[in-house]
Structures are given as C-alpha cells and as structure tokens.
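Beneath this line is the structure, given in structure tokens, with notes to follow.
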Amino acid sequence: MNPRTRLCLVAVGGAGLAALLVAACLRLPDFGGDSHPYGERAVRASLARQTANTIASVNFDQRAFDTMGEMTILFAAVVGCVVLLRQTRDEHRDRPEPADVAPPVRRYSLIVLPVALVVGLYVIAHGQLSPGGGFQGGVVAATALHLLYLGADYRALERVRPVGLYEVGDAVAASAYLVTGLAGLIGGTAFLANTLLPYGTFNALSSGGTVPLLNAAVGMEVACAVVLLLARFLDQAVEIEEESGK
Amino acid sequence: MADAVIVVALLLVAGCATVAVLVRDPVRQALVLAVLGVVLAVLFTAVQAPDVALSQLAVGGALTPLLLLLSVRKVKRRKGRDE
C-alpha cells in the first residue's frame, strides 16, 4: 500500500469516527442536568442491597463480573512485569550503599508512614460506605510502605517487604474474589450474585452482603500487586547491574 | 460557584497536560505528570467523582511518576557504565 492510499484510508476512517462522535455528543444529556436515568437506577439497586456507597455497589454487586476482569488485567500486567524485570543470567546484584537521608525528610516520612498506612486500610475497610474502596486504598497502603525507602534506606524497606509473601498474597486475593463468586453458584443462584449473605443495616461496616468481601479481596490484590511492581522496578534501578563489558 | 471551580480545574488540566507534552526531559516530565495527577484529582472532585479522584491521586500523582523515575534511573545507570 503506497503512502497516498494509506493517508486516504486514515482520512476516511477519521472522518467517519469524527461524524459518529459528533452525532453521539449531540444526543448526550446536558452537563449537570436534573435527570440521570442510569444514576437513579444504580442508586435504587444499591439502596435495595443496603450499600451506602453506590459506586461500591456498582463495582462489586451490579458489575462484579466486570471488576473481576479488571482485577485479572492488573494481575496479568504485574505478572508480565515481574517476568520481564527478573534478574537475567548476565546480571548480578550489587548491595546498594546506605544513603544519607536529610533529618527533616527522615522525620517527615517516618511520621507520615503509619498515617498513610492507616488511611489506606481505612479506605479499603470503608469501601462500601464512603468514597474509595479496594483499589484506591490498596494503592495508598502499598505506596505508604515505600516511605521507608525515602526515610530510612533500601535495606530497611527490604526487611518489611518479603517479596515472596506478597506474591502469595496477590494470588490468594485474586482467588478469593473468584471463590466468593463461585460461592454464589454453589448457593444456587449465579456467579458473583450478591444473594448469599445478609445485607445488614444501612451504613454499618458489615452491610452490603458480599460487597465488603469482594472489596477486601480487591484491596489485598491491588496492595500486593503494587508492592510487587515497585519491588521489581526498585530492584532494577538500585540493585541489579549488567555484567557485559566492564 | 461550582461551575467556576470546574472551569479553573479544566484550564489547569489543559495547561499541565500541554506542559507534559512540551517538556522533553523524562525526569521533568515525571514531575509534571505528578502535578497533572493532582490537578486531575481536583477536577474529578469538582465534578463529584471522589472515587475516581482518589485513584487518580494515588496512581497518577504518586505511582506513575515513581515508576517513570525508577526507569530513568536504570537507563541512566546503564549509560554511565557504557561510557
């Protein structure tokens, strides 16, 4: 195909896409209007299952299967990164030198670390009640651990971060989601159907049926996945050296 | 009032994103991306999507720039040894 035909094809395709997008935008409801057909239905469904945070209800009840797909994408992506960034035969490890940390940085990170960790766990635990949830809380908790790298040094981080355990945790959490879904199937309804557990009282920590369970599974999976991902990147940036040449 | 906040946040996002594209040095780009993450979180909060804002703050504001910086450091170390 010569460049000219290619350009023509791109132009035709682009024009078609642009026309469809414009047509779709013209039929959109007004920004910030009073009527939200999808929102009203979602809120009604989430109230029926005693889930205070409608977003959590959408993620882990109304579209739990969708969330399982997203979790699997993250899992597969992290496995791919771990495989790509592993130590190869022509590389060796250098123990990194302990670095000097400025006292204010050390003080700040050691004060913020526990606070950030608790915030992360809080966001996971209250996913079914307030904004946030497994994904957000998991990322916050996992990045909080790495304040130790800023405040102390790499060895201190390595001591609180047994990578093998996090690998197991990642897999266990992903399986826990699947098992909770299968429990619905065994209970006589459908995969990931939120009908097994009592819905509890509205706005209580144990409300929402399987929503808190799935939320916790995602929280654990994301936290472990982020720790693993950062561990591999840190390994490559700090420890692993190539042997070829010098 | 809410509209004004949305407009300001949108302008900041557009500005930050443009700067992120124009800056060529990956290290600076990572810093601009972190700022962009925070500004986007403000925008999402203003349009009443605190869930998305939280993810944006954690992933766009902290995780992505960190991964970028670590990759840059690895590449620079390799270059330093080759020369």
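Sequence lines set the chain letters: A, B, ... in the order given, protein chains first and strands last, and positions in each chain run from 1.
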Q) Looking only at heavy atoms, which of residues 125-145 of chain A get nearer than 4.5 Å to chain B? A) Pro131(A), Gly132(A), Phe135(A), Gln136(A), Val139(A), Val140(A), Thr143(A)
Q: Working to the nearest 0.5 Å, report the span between NZ of Lys74(B) and CG of Leu234(A).
A: 12.0 Å
Q: Using a heavy-atom cutoff of under 4.5 Å, enumerate the residues of residues 149-161 of chain A that contact chain B, numbered in order, or state 'none'.
A: Tyr149(A)
**Q.** Interface moiety of Val72(B) toward chain A, non-hydrogen atoms closer than 4.5 Å
**A.** neither
**Q.** Glu70(A) CD: over 12 foreign heavy atoms closer than 6.0 Å
**A.** yes
**Q.** Matching residue for Phe233(A) among Leu69(B), Leu66(B), Leu70(B) - test: side-chain contact (heavy atoms from CB on, under 4.5 Å)
**A.** Leu70(B)
Q. Under a 4.5 Å heavy-atom cutoff, which of Ser55(B), Ala49(B), Ala53(B) has the most pairs with chain A?
A. Ser55(B)
(Q) If I measure from the heavy atoms of chain A, does Leu57(B) come under 4.5 Å with its side chain, its backbone, both, or neither? (A) neither
Q.
Just to be sure I understand the criterion: a residue of residues 36-59 of chain A counts if one of its heavy atoms is under 4.5 Å from a heavy atom of chain B. Which ones qualify?
A. Asn53(A), Ile55(A)
Q.
So for atom OH, which belongs to Tyr108(A), do other residues, nucleotides or ligands contribute more than 12 heavy atoms lying within a distance under 6.0 Å?
A. no
**Q.** Neighbourhood of chain A inside residues 23-30 of chain B, taking heavy atoms under 4.5 Å as contact
**A.** none
